[in-house]
Amino acid sequence: MFMDIYDATGKVQIYTSKEHPEASVLEMLDMVDIGDIIGIKGTVRRTKRGELSVNTQEITMLAKALLPLPEKFHGLTDTDTKYRHREVDMIMTPETIQTFIKRSRIYETIRQLLISKGLLEVETPILQSIKGGAAAKPFITHHNTLDMDLFLRVAPELFLKRLIVGGLPGVFEFAKNFRNEGMDTTHNPEFTGLEMYLPYTDYNDMADLFEEIVRTACQAVNGTLQIEYDGKKFDLSKPFARVTMNDMIKKYAGVDFMAITSDEEARNAAKKLNVEVDEDADWGHSMAAVFEAKCEEHLIQPTIVMDHPKSMNPLCKTHRSEPRLVEQFEPYINGKEMGNAYTELTNPLDQRERFEAQVAAREAGDEEADMMDDDFVEALEHGLPPTGGMGIGMDRLIMFLTGNTSIRDVIAFPTMRKK
RNA sequence: GAGUGCGUAGCUCAGUCGGUAGAGCACCUGACUUUUAAUCAGGUGGCCGAGGGUUCGAAUCCCUCCGCGCUCACCA
């Protein structure tokens, strides 16, 4: 009688010899079903076929499986059951449990890397009275004792920068964020953003750090920097391309937005490319819209897209040589945005004006625009040193590093409709 | 939110032209005493996603709803 027993580390064969079977062992073997968790005591040896095997002298039932497992050969393929009962998916599908083992290792690796660079891991409020830090629609909840509505955070950014004002030498947070928006293969209503802020750096330093994080994490879980994803080959040992948004637009859409001086001209340039823009879209929004429509899909190999328009980035410092741009980059891999980084805006006067512009946009109907955050502006008035900051979409990074093409395959319990 | 495909046993799936529910695995019983998913025989197991309609008769055709996937839109 031969049997394989499994755990997360692999399988081992057990057997009972037919010449000297233990009565208690035979009795127990008769009771064991697929999915039971059992303890085995016995001597280890190799069988005639050379397989390492345990000659069983004692079996203990540690946990009896009351529910049957899915059939072994086909496994669990129903996506609904995989997501609603992830534990079953993990038991049945080696790739699934490997994904979550790798997810943990990626966190561990990045955490160690950032700590080694002198950053501190911190925690900031998830319940916030002002929605800030990103253009997104929030979830709203209510605190009974305070009789006050609160927002689930869409980003930890503003609180993290206040910790830099306070004097921490660099901070990071693996932040669960919540955005009340659509869902698809790259969006879950709750997702994890890794945000980090390091004083006396700028967005160029953040780009270096992005490359280092991706490489270190990839090496840790794949043991190599040459990986395949979505049928394409990626060599992460090569430097990531660094390009400007305008150069990408010139390349893929044939328009030089830096040569365009009016909002109207910019809108017309977008329309000419069949890119839809609002009637009152300014130069920056038109430029960003063209980039998203014409360029993103081409950015397969890791590409750091720098120097975005200013009007849509109220927390980012104006570009050192071009007043219409900000020192922002977004890294792309396989055509997907993997994060967002700034040379942070540190000037409180400028910050207040940018918030005021956001408030105006909000009053004009933009639900995603930021609210005025007086506490944050006041913090800046105490002095935020020149600081580089970056957010990375952990779920998307994990997708890329584990070969999964749906965000729901890397989140253990993705958001599901009530059944 | 829009388009589209799907939903039959615990799991993987058949189910023809509309004729009243099937297989394999799992589980139980018995035989077998051994190997790399799968030994043999027998058995248990179904609100055919839900509701309505057409029909003598619906898993099958029609409508509504629920859930999941994919594509698009918004976003990270």
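From a predicted model like this one, the values you see are computed outputs, not experimental measurements. The chains referred to below are lettered A, B, ... by the order of the sequence lines, with proteins before strands, and numbering in each begins at 1.
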Visitor: Hey, can you tell me if A:Phe291 and A:Tyr332 have their rings parallel, tilted or perpendicular (30° and 60° cut-offs)?
Guide: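 Rings of A:Phe291 and A:Tyr332: perpendicular, as their planes differ by over 60°.
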
Visitor: Can you tell me how far C1' of B:C68 sits from CZ of A:Arg408, to the nearest Å?
Guide: 9 Å

Visitor: Does B:C17 pair with anything, Watson-Crick or G-U wobble, both distances under 3.5 Å, and if so, with which nucleotide?
Guide: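 Check on B:C17: unpaired, no WC or wobble geometry under 3.5 Å.
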
Visitor: How close do A:Glu157 and A:Tyr197 get, counting heavy atoms only, and between which atoms?
Guide: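 Shortest heavy-atom separation between A:Glu157 and A:Tyr197 comes out as CG-OH, 3.1 Å.
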
Visitor: What nucleic acid atoms does A:Met416 come within less than 4.0 Å of, heavy atoms only: base, sugar-phosphate, or nothing?
Guide: sugar-phosphate

Visitor: Quantified in whole Å, what is the C1' atom distance between nucleotide B:G24 and nucleotide B:G15?
Guide: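 Rounded to whole Å, the distance is 15 Å.
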
Visitor: So if I take every side-chain heavy atom of A:Lys11 and compare against B:U36, B:C70, B:A76, which nucleotide ends up nearest?
Guide: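 My answer, after comparing the listed nucleotides, is B:U36.
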
Visitor: Just to be sure I understand the rule, does A:Asn177 reach a base, reach only the sugar-phosphate, or reach nothing, if contact means heavy atoms closer than 4.0 Å?
Guide: nothing

Visitor: Please tell me which of the listed nucleotides, B:A76, B:C11, B:U36, lies nearest to the side chain of A:Asp4?
Guide: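 Looking only at heavy atoms from C-beta outward on A:Asp4, the closest nucleotide is B:U36.
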
Visitor: Using a strict threshold of under 4.0 Å (side-chain N to carboxylate O), is an ion pair present between A:Glu367 and A:Arg362?
Guide: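 Here A:Arg362 does not pair with A:Glu367 in a salt bridge, since their nearest N and O are not under 4.0 Å apart.
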
Visitor: Looking at every heavy atom in both A:Ala281 and A:Arg267, which two are closest together, and how far apart are they?
Guide: O-NH1, 2.8 Å

Visitor: Counting only Watson-Crick pairs (N1-N3 plus N6-O4 or O6-N4) and G-U wobbles (N1-O2, O6-N3), all under 3.5 Å, who is the partner of B:A2?
Guide: B:U71

Visitor: What nitrogen or oxygen pairs link the protein and nucleotides 21-26 of chain B at under 3.5 Å?
Guide:
unit_1: B:G24; atom_1: N2; unit_2: A:Glu71; atom_2: OE1; d: 3.4

Visitor: Evaluate the ring planes of A:Phe400 and A:Phe234, with Trp represented by its six-membered ring, and classify them as parallel (under 30°), tilted (30 to 60°) or perpendicular (over 60°).
Guide: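 The arrangement is perpendicular - the two ring planes meet at more than 60°.
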
Visitor: Under 4.0 Å: is that the gap between some side-chain N or O of A:Arg84 and OP1 or OP2 of B:C68?
Guide: yes

Visitor: Please classify the nucleic acid contact of A:Gly193 as base, sugar-phosphate, or nothing, using heavy-atom distances under 4.0 Å.
Guide: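 No contact at all - A:Gly193 keeps every heavy atom at 4.0 Å or more from the nucleic acid.
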
Visitor: Once you apply a heavy-atom cut-off of 4.0 Å, does A:Lys137 come out as touching a base, just sugar-phosphate, or nothing?
Guide: nothing

Visitor: Pairing check on B:C32: which nucleotide meets the Watson-Crick or G-U wobble criteria with it, both distances under 3.5 Å?
Guide: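 Partner of B:C32: none found under 3.5 Å.
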
Visitor: Whole-Å distance between B:C74 P and A:Glu337 CD?
Guide: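 From A:Glu337 CD to B:C74 P: 13 Å.
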
Visitor: Of A:Thr56, A:Leu62, A:Thr60, A:Val32, which meets side chain to side chain contact (heavy atoms under 4.5 Å, CB included) against A:Ile38?
Guide: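 By the side chain to side chain contact (heavy atoms under 4.5 Å, CB included) criterion, A:Ile38 pairs with just one of A:Thr56, A:Leu62, A:Thr60, A:Val32: A:Val32.
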
Visitor: If you compare every side-chain N and O of A:Thr186 against the phosphate oxygens of B:A76 (OP1, OP2), does one of them come in below 4.0 Å?
Guide: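 The answer is no; no side-chain N or O of A:Thr186 sits under 4.0 Å from OP1 or OP2.
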
Visitor: Would you measure the distance from the C1' atom in B:G22 across to the matching atom in B:A14 and give it in whole Å?
Guide: 7 Å

Visitor: Are A:Glu228 and A:Lys232 ion-paired here, with the side-chain N under 4.0 Å from a carboxylate O?
Guide: no

Visitor: State the pairing partner of B:U54; accept Watson-Crick or G-U wobble contacts with both distances under 3.5 Å, and report none otherwise.
Guide: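 Pairing partner: none.
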
Visitor: Checking A:Arg408 against A:Phe413: charged group under 6.0 Å from the ring centre and within 45 degrees of the axis?
Guide: no

Visitor: How far does the C1' atom of B:G69 sit from the matching atom of B:G57, given to the nearest Å?
Guide: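 About 34 Å, rounded to a whole number of Å.
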
Visitor: Taking the six-membered ring for Trp, is the centroid-to-centroid distance between A:Tyr107 and A:Phe174 below 6.0 Å?
Guide: yes

Visitor: In whole Å, what is the span from the CD atom of A:Glu195 to the C1' atom of B:A76?
Guide: 11 Å

Visitor: Counting just side-chain N and O atoms, does A:Arg417 come under 4.0 Å of either OP1 or OP2 of B:C66?
Guide: no

Visitor: So A:Glu51, base contact, sugar-phosphate only, or nothing? Heavy-atom distance under 4.0 Å.
Guide: base

Visitor: Just call it for A:Gly182: base, sugar-phosphate, or nothing, with non-hydrogen atoms closer than 4.0 Å on any strand.
Guide: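 Base, at least one base atom sits under 4.0 Å.
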
Visitor: Out of B:U12, B:U36, B:C11, which nucleotide sits closest to the side chain of A:Asp78?
Guide: B:U12

Visitor: If you measure from the P atom in B:C72 to the same atom in B:C25, how many Å do you get, rounded?
Guide: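 Each nucleotide's P atom is 42 Å from the other's.
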
Visitor: Measure from the side-chain heavy atoms of A:Thr185 and tell me the nearest of B:C74, B:U71, B:G69.
Guide: B:U71

Visitor: Both distances under 3.5 Å, Watson-Crick or G-U wobble: report the partner of B:G43, or none.
Guide: B:C27

Visitor: Take the protein atom CG of A:Asn180 and the nucleotide atom P of B:A76, then report the distance between them rounded to whole Å.
Guide: 15 Å

